[in-house]
Amino acid sequence: MLIRKPDAIQSSEITPERVWRARRDLILGAGVAAAGLGLPGWAGRAWAANAPVGEPAVLPGQASPLSVMDKQTSLSDITSYNNYYEFGLDKSDPAAHAGKLQTRPWTVSVEGEVGKPRTFDIEELLKLAPMEERVYRLRCVEGWSMVIPWVGYSLSALLKQVEPTANAKYVEFVTVVQRDNMPGVRAGVLDWPYVEGLRIDEAMHPLAMLVFGLYGKVLPNQNGAPLRLAVPWKYGFKSAKSLVKIRLVEKQPVSSWIKAAPQEYGFYANVNPAVPHPRWSQASERRIGEDGLFSPKRKTLPFNGYADQVAALYQGMDLKANY
Ligand SMILES: Nc1nc2c(c(=O)[nH]1)N[C@H]1C(S)=C(S)[C@@H](COP(=O)(O)O)O[C@H]1N2
Ligand SMILES: [Mo]
């Protein structure tokens, strides 16, 4: 049996925790966190887990050629190590608290620079296009990654329904706020609702996915039920959860992360090992589930390994300036 000596712990194990703590401290306000004062009660583990138990409904998808062949992250890791700040700052908070999220009734309004603005009921969206299973990499800006078999279809299928006008240069995504059900919303944390955005050609790219399920079942609440984005060549924060509004707009949207820390989080947020975050490197990553004592970190790939499909979207752009 291996005896784990403190000096044997590799930096690859230490870094992710340090990094997400740094992001958490940013959110809480460095002074507050450092002094250990005024931490909201939910930041600890005081609350009992209240996620409902019971089998989620099946949601099969046709296997997609857009899938990667990497070993898939386990369902338990995918559903217990999450970022969903509306439910708290700890990785375990979404699984503990997202049981309260009300996912029915649910509508998504698609509006703005479109010929046919429309509000879609979730039941309509589930039938709008054939469900596909696509195994995508997800690379969080904090330096960890997963491989997730999503179920859904290309976002373009929805956008085409509303007929974007020539003025639709960008797409803004607005996610749900249920104050009574979301301890992170009550505590402040970010400027709610959580808002993200894509350029229209990014949003129309076949890889940009509207997700309704994972591992052949409907999405667990902590992963963004009843529908979320998956934009696999960008850092995970672009993949907004629990969407309620999609606005086609002329001007570049201001995301919640840009509002919180513009020098740290850019609009494009393409995975780029050559552009470090101001407070940590992005050159490598820890694949969740592979984090054994001696497992090396993986090299992060440009565009998270999707360069062949998406690099052309950024031809002629300075990706250091447009981080
Ligand atoms: N509404 C909302 N969407 C969100 C977030 C969030 O806090 N709120 N976190 C983002 C971040 S930082 C990441 S890494 C991914 C995590 O998705 P997962 O928990 O399903 O792995 O969700 C993204 N979408
Ligand atoms: Mo993230």
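Residue numbers count from 1 along this sequence. Atoms within each ligand, like the ligands themselves, are counted from 1 in listed order.
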*Asks:* Are Y306 and F303 near enough that their ring centres are under 6.0 Å apart?
*Replies:* no
*Asks:* Verify whether the ring centers belonging to Y84 and Y194 lie closer than 6.0 Å.
*Replies:* no
*Asks:* What distance separates F237 CZ from Y85 OH, expressed to the nearest 0.5 Å?
*Replies:* 10.5 Å
*Asks:* Which protein residues have a heavy atom closer than 4.0 Å to any atom of ligand 1, listed by chain and number?
*Replies:* R23, N82, N83, Y84, Y85, E86, C140, W144, T175, Y194, N223, R228, G236, F237, S239, A240, K241
*Asks:* Report the residues that fulfil side chain to side chain donor-acceptor pair (under 3.5 Å) with D70, sequence neighbours left out, ordered by chain and then residue number.
*Replies:* R137, R287
*Asks:* Would the Y81 and W144 ring centres measure less than 6.0 Å apart?
*Replies:* yes
*Asks:* I want to check a possible cation-pi pair here: K238 against F267, using under 6.0 Å from ring centre and within 45° of the ring axis as the test.
*Replies:* yes
